[in-house]
Amino acid sequence: MIPPAHGMARPQPGRNVDLPWRSVVALSGGVGGARLLRGLARVLPEGALTAIVNTGDDFEHWGLHVSPDVDTVMYSLAGLAHEERGWGLAAETFGVHEAMRRYGEDGWFAIGDLDLATHLARTRGLARGETLTAITARLSRALGVRTRVLPMSDELHRTMIETRDRGTLDFQTWFVRNRAEPAIERIWFEGVARATTAVLEAIASAEIVIIGPSNPYVSIDPILSLPGARDALFERPVVAVSPIVGGRAVKGPLAAMIPAIAGLEPSAAAVAAHYPGLRGIVVENGDSVYGIPFVATNTVMKNAADSESLARRVLDFAKSVIATD
C-alpha cells in the first residue's frame with residue numbers, strides 16, 4: 001500500500017481521468033519490458049501505444065545484424081515468444097545453429113531457424129539503405145503486430161561493460177558468452193548516436209511515459225543516454241515498474257549490478273533512485289519506496305493474463321499520478 005505520508009494522487013474536481021488513453025509511450029528492454037508491452041497492447045485502444053526499444057544490445061553475429069530487444073518485443077506482441085525461455089520464438093528449432101557449430105563457427109549465441117529469417121531480413125534491409133526504424137515497422141507488420149515499435153536510434157550505440165579482469169566487453173559478450181560473470185567496473189556507450197525523430201515526437205506527444213520492468217543500466221540507460229532523450233522524457237509524466245522483487249531480479253543480473261554500480265542494496269527503492277524526476281513507481285507486493293508515490297501489486301508476469309493484469313494496474317496508477325497536474 002501507499003504510505004499516508006506520500007499517498008496516491010487523487011483525481012481533482014473537473015479533471016476527467018476516465019477518458020481513454022490516446023498516447024502512451026513505454027520504454028522497453030529485455031523480457032520484463034516486452035511482457036509488460038504485451039499487456040499494455042491488450043488493454044489500450046489500438047494506436048495509443050508506442051514502444052521505444054533499447055538497441056544498445058545490437059551486435060553482429062555470423063555477419064548478421066541482430067537486435068535482441070527489438071526482436072523480443074516484436075515476438076511478444078505477436079504472441080509468438082517462448083514463454084518459459086523469454087527470448088526467441090516458441091515454435092523454434094536450432095538446426096542451422098547446430099550445423100554452424102559443427103563447421104567450427106561461433107555457437108555461443110543461439111539463433112533459431114525461424115529467428116534466423118528475422119536477422120537475414122534486417123541485414124538485407126540495412127544493406128539496401130533502409131533505416132532500422134523502417135525495417136522494424138516492416139517486420140512488425142509481417143508478424144501481425146499493430147503496436148508501433150520504435151528502435152531508440154537508427155545508429156549504433158553499443159552498451160559496453162568495463163570489467164575488473166576481462167577488459168571491456170560488448171554487452172552480448174559479457175552477458176551471454178561470459179554468463180554475466182566478469183565483475184563490472186562501469187558501463188558506457190560506444191558511438192555518437194541520436195534518438196530518431198519518431199522517438200522524440202512520440203515522447204513529446206505522450207500523455208504518460210512508462211518505464212518497463214527492465215534493467216535500468218543496460219536496457220533503459222542506453223535510451224536515456226541519447227542526446228536530448230532524458231530531458232524530453234522527463235518533461236512528460238513518467239512512472240516506472242520495478243524489475244526488483246523482494247530484493248531479487250526476476251530475470252538477469254540486475255540484483256548483482258545495483259551494489260556494484262550504485263553501491264546500494266538491490267531494491268525497488270534503488271530502482272526509483274536511479275530515475276530522478278520519476279512521478280511514481282509500481283512495486284511488488286511487500287516492497288516499498290519513500291519520497292514518491294508508489295503502489296504495490298503482483299509484478300511477476302508468468303503468462304499473458306499476468307501481463308494484462310499488471311498493465312491495467314500500471315495505467316490506473318498512472319491516471320492517479322497525472323490527475324494532480
Side-chain angles (χ1 to χ4, degrees), residues 1-28 32-33 35-52 147-148 199-214 216 220 223-224 229-244 267-269 271-299 301 305-325:
M1 298 296 293
I2 300 169
H6 308 135
M8 182 183 291
R10 287 180 169 79
Q12 298 299 303
R15 175 84 183 225
N16 188 350
V17 296
D18 294 323
L19 290 173
W21 293 99
R22 300 182 305 275
S23 180
V24 174
V25 165
L27 274 54
S28 179
R35 288 181 175 171
L36 179 61
L37 282 170
R38 173 177 63 181
L40 290 169
R42 285 170 170 247
V43 302
L44 284 167
E46 186 172 334
L49 177 63
T50 297
I52 298 175
T147 297
R148 191 182 189 202
V199 162
L200 294 176
E201 287 179 348
I203 292 171
S205 65
E207 296 169 286
I208 190 75
V209 176
I210 299 168
I211 298 177
S214 304
I220 303 301
I223 303 173
L224 299 183
R230 182 184 294 271
D231 289 343
L233 190 81
F234 285 99
E235 286 179 0
R236 314 306 304 152
V238 182
V239 299
V241 181
S242 174
I244 291 291
S267 65
V271 174
H274 187 73
Y275 300 122
L278 198 65
R279 297 285 296 278
I281 187 167
V282 179
V283 305
E284 177 63 25
N285 288 318
D287 290 343
S288 62
V289 301
Y290 293 93
I292 61 171
F294 76 92
V295 66
T297 189
N298 174 39
T299 60
M301 295 167 283
D306 288 343
S307 295
E308 184 172 334
S309 177
L310 178 58
R312 292 186 186 279
R313 196 73 173 103
V314 171
L315 292 170
D316 286 345
F317 177 63
K319 280 191 174 181
S320 74
V321 167
I322 66 173
T324 55
D325 287 355

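Residues take their numbers from the sequence shown, with the count starting at 1.
Every residue two or more places apart in sequence or in another chain that forms a side chain to side chain contact (heavy atoms under 4.5 Å, CB included) with S267 is listed here: A269, A270. Residues forming a side-chain hydrogen bond (donor to acceptor under 3.5 Å, both in side chains) with T50 (at least two apart in sequence, or on another chain): none. Residues meeting the side-chain hydrogen bond (donor to acceptor under 3.5 Å, both in side chains) test with R42, sequence neighbours left out: none. The side chain to side chain contact (heavy atoms under 4.5 Å, CB included) check on A229 picks up L226, with sequence neighbours excluded. With sequence neighbours left out, E284 forms a salt bridge (charged side-chain N to carboxylate O under 4.0 Å, His left out) with no residue at all.
Of all heavy-atom pairs between V239 and A318, the closest is CG2-CB, 4.3 Å.
Distance CG/L44 to CZ/R312: 9.5 Å, rounded to 0.5 Å. In this structure, CG on L49 lies 5.5 Å from CG on L40, to the nearest 0.5 angstrom.
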field: Working for side chain to side chain contact (heavy atoms under 4.5 Å, CB included), residues L310 and N298
entry: CA-CA 7 Å; L310 178 58; N298 174 39; over 6 Å; no
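Under the 3.5 Å distance criterion, the side-chain polar atoms of S214 are left unmatched by any main-chain donor or acceptor of S28.
Of the candidates V283, V314, I281, T297, V314 is the only one forming a side-chain contact (heavy atoms from CB on, under 4.5 Å) with V241.
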Can you give me every donor-acceptor pair (side chain of residues 203-211, partner residue at least two apart or in another chain, under 3.5 Å) with its distance?
residue : atom : partner : partner atom : Å
S205    : OG   : E201    : O            : 3.2
S205    : OG   : A202    : O            : 3.2
E207    : OE1  : R22     : N            : 2.6
E207    : OE1  : S23     : N            : 2.8
E207    : OE2  : R22     : NH2          : 3.4

